[in-house]
K.L.:
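A single structure is presented below for examination.
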There are 2 protein chains.
Amino acid sequence: MDTSSRTDLYTDSNTASSTAYQALKTLVLMGDVPIGARLREERLAERMNVSRTPVREALLRLHAEHFLERHSEGGYRVINPSVQKMRELYDIRRALELHALRRSDPHFVRDRDGLLELREDWRALDGGESAIDAEFVLLDEDFHRRLAESAGNPQLAEQLRKVNERIRPVRSHDFMNPGRIAATIEQHLAIVEAVLARKTSQAATMLDRHICESQTVVEQAVANVLERMLSVGERDASW
Amino acid sequence: MDTSSRTDLYTDSNTASSTAYQALKTLVLMGDVPIGARLREERLAERMNVSRTPVREALLRLHAEHFLERHSEGGYRVINPSVQKMRELYDIRRALELHALRRSDPHFVRDRDGLLELREDWRALDGGESAIDAEFVLLDEDFHRRLAESAGNPQLAEQLRKVNERIRPVRSHDFMNPGRIAATIEQHLAIVEAVLARKTSQAATMLDRHICESQTVVEQAVANVLERMLSVGERDASW
DNA sequence: GTATTCAATGTTGCATACACGTTTCTTAAC
DNA sequence: GTTAAGAAACGTGTATGCAACATTGAATAC
């Protein structure tokens with residue numbers, strides 16, 4: 001086993017544990033590990049050239065973040081993102097985003113500079129021929145994250161980030177159709193403009209519709225895909 | 001070291017790991033471990049008669065749940081529940097609870113039976129001389145959890161449960177004044193009644209006010225207490 | 001007395017060993 | 001051929017050992 005890389009630890013934040021976490025998370029989020037597959041600590045450890053200990057810690061973290069669920073007899077398996085669950089997460093997303101946008105408190109200042117920057121970034125994207133699919137999902141997440149962050153509630157923004165991360169695997173289906181990307185950019189710009197113009201309730205309405213649209217598109221696309229993914233019989237695959 | 005209790009493991013869900021988790025969580029939530037105190041794995045392990053491994057897993061879980069934060073040089077310390085952070089969590093709570101209550105979808109059925117049960121349980125409490133302080137916090141949490149669960153979004157209810165758990169340590173201050181308990185019971189009943197009578201927007205208004213009231217009371221009480229807790233100089237205490 | 005070096009101690013992160021339960025495969029009986 | 005029993009391989013949960021830092025305190029130089 002390779003022990004040469006054990007030069008700087010303890011103070012180091014990119015420990016074997018967090019490396020394993022990142023790697024595993026990527027594998028799961030990218031869909032490389034089939035849904036329902038059982039994860040075996042030893043094999044993962046070999047694959048990543050670490051011992052079982054950091055792998056266990058990574059598994060624990062991913063479980064806490066709802067990317068894995070406990071296998072009935074110990075161990076973990078990749079969580080099954082049912083349509084129903086995704087619907088519920090979209091619902092949470094709406095709750096958090098709309099609440100962040102509204103923020104009716106009188107003595108609260110929105111991060112105007114951040115919003116102006118956000119607007120510029122998305123104006124630069126106009127047309128949207130540059131980005132596609134999976135890449136655009138991240139851009140989209142970024143928009144919603146920054147919009148929420150401008151509301152000055154870091155904890156809420158953080159919660160939202162986590163929810164979006166859980167939705168991410170199915171969100172790629174939202175932008176399969178090129179028309180959706182263009183529409184998204186347009187809607188995003190309209191929303192920022194409205195917020196900047198202090199037309200909050202109008203912005204909220206647009207944002208609500210925007211999220212609902214996305215949800216509808218995703219749900220229809222996902223229903224079929226999920227069935228296929230599950231029917232492949234890879235549930236019993238082991239990693 | 002006691003190894004006699006290692007009779008049934010693997011299938012067993014109450015492993016040493018989860019035992020350590022529960023114990024540590026209780027210690028932290030009860031305020032037995034001072035805010036900012038550094039947690040030392042070895043000592044905790046001795047205290048709980050297990051090895052460092054389950055303790056590490058417990059620490060990891062509590063960190064994921066925001067009860068602990070990473071010490072600058074490795075290790076963990078009890079998180080500092082600043083007034084600002086509590087305010088943000090209360091804000092998230094409002095967002096989730098109000099969203100759950102509103103649920104304007106046309107084809108959505110609320111769990112009426114659950115609500116009727118909830119109403120009965122709280123009618124039985126009328127007067128409220130029975131419960132006090134810390135005990136009542138749990139009852140209160142239970143009410144809000146069940147109210148949210150009746151909205152038929154388990155994921156949202158779960159998120160809310162976690163947020164409430166993070167607020168819990170400071171919420172005990174809400175019910176120091178006996179009058180607050182009576183008022184809470186009254187408001188809870190009014191809210192359930194309104195929901196059952198399908199006066200949703202009225203219920204939402206009441207719930208919003210209810211949460212805001214609680215927040216105000218808690219904030220004022222907590223501001224002082226937190227200062228005291230922090231000034232004791234127990235930050236450097238080690239567990 | 002103050003500063004500096006260096007040893008001693010403490011603490012974490014990781015690897016590994018082991019115990020116990022589970023699953024699977026083999027073998028024998030019918 | 002099917003079934004039952006036993007053995008072997010497997011996988012997880014836990015304990016423990018060790019290396020790499022960090023920290024503290026003592027000894028020495030000035």
K.L.:
Side chain of A:Arg52: nearest nucleotide among C:dA15, C:dG13, D:dG13?
P.N.:
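Taking heavy atoms from C-beta onward, the closest nucleotide is D:dG13.
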K.L.:
Checking side-chain polar atoms at under 3.5 Å, does B:Arg38 have a donor or acceptor matched by the opposite partner on B:Tyr76?
P.N.:
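No, no side-chain donor-acceptor pair sits under 3.5 Å.
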K.L.:
Starting at the 5' end of DNA chain D and moving along, which residue's nearest nucleotide shows up first, A:Thr53 or A:Tyr76?
P.N.:
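Of the two residues, A:Tyr76 wins.
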K.L.:
Find the distance B:Arg43:CZ to C:dG10:P and express it as a whole number of Å.
P.N.:
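In whole Å, C:dG10 P lies 10 Å from B:Arg43 CZ.
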K.L.:
Between C:dT12, D:dT16, C:dA15, which one does the side chain of B:Ser51 approach most closely?
P.N.:
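It is D:dT16.
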K.L.:
Rounded to whole Å, how long is the line connecting atom CG of A:Leu44 with atom C1' of D:dT12?
P.N.:
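Going from CG in A:Leu44 over to C1' in D:dT12 covers 13 Å.
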K.L.:
Would you check if the side chain of A:His99 reaches a backbone N or O of B:Asp91 as a donor-acceptor pair within less than 3.5 Å?
P.N.:
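It does hold such a pair.
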K.L.:
Between B:Arg38 and D:dA22, is there a side-chain N or O to OP1/OP2 distance below 4.0 Å?
P.N.:
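For D:dA22, OP1/OP2 do not have a side-chain N/O of B:Arg38 under 4.0 Å.
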K.L.:
Between A:Leu68 (CG) and D:dT12 (P), how many Å, whole number?
P.N.:
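Nearest whole value for this atom pair: 13 Å.
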K.L.:
When you measure from the side chain of A:Asn153 to the backbone N and O of B:Glu88, does any donor-acceptor pair fall under 3.5 Å?
P.N.:
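Side chain of A:Asn153 to backbone of B:Glu88: a pair is present.
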K.L.:
I'd like to know if the side chain of B:His63 and the backbone of B:Leu68 have a donor-acceptor N/O pair within less than 3.5 Å.
P.N.:
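Here the side-chain-to-backbone pair exists.
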K.L.:
Give the nucleotide from the list D:dT12, C:dA15, D:dT14 with an atom nearest to the side chain of A:Arg40.
P.N.:
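When the side chain of A:Arg40 is considered, D:dT12 is the closest of D:dT12, C:dA15, D:dT14.
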K.L.:
Rounding to an integer number of Å, can you tell me how far B:Met48 CE sits from D:dT14 P?
P.N.:
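That distance rounds to 13 Å.
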K.L.:
So what does A:Leu59 hit on the nucleic acid, given a heavy-atom distance under 4.0 Å: a base, only sugar-phosphate, or nothing?
P.N.:
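The answer is nothing, as A:Leu59 stays clear of every strand by at least 4.0 Å.
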K.L.:
Could you work out which one of D:dG13, C:dT12, D:dA15 sits closest to the side chain of B:Glu41?
P.N.:
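Of the candidates, C:dT12 comes closest.
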K.L.:
Should the pair A:Glu158-A:Arg161 be classified as a salt bridge under the 4.0 Å nitrogen-to-oxygen rule?
P.N.:
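Yes, A:Glu158 and A:Arg161 are salt-bridged.
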K.L.:
Nearest whole Å is fine: how far is D:dA9 C1' from A:Glu42 CD?
P.N.:
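After rounding, the gap between these two atoms is 13 Å.
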K.L.:
When the distance from OH of A:Tyr21 to P of C:dG13 is rounded to whole Å, what number comes out?
P.N.:
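Those two atoms, OH and P, are 17 Å apart.
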K.L.:
Rounding to a whole Å, what distance do you find between A:Trp239:CH2 and D:dG11:P?
P.N.:
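Atom CH2 in A:Trp239 sits about 16 Å away from atom P in D:dG11.
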K.L.:
Measuring to OP1 and OP2 of C:dG13, would you say a side-chain N or O of B:Arg56 lies under 4.0 angstrom away?
P.N.:
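Answer is yes, contact under 4.0 Å.
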K.L.:
Whole Å only: how far is the CZ atom of A:Arg70 from the P atom of D:dG11?
P.N.:
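Going from A:Arg70 (CZ) to D:dG11 (P), I get 17 Å.
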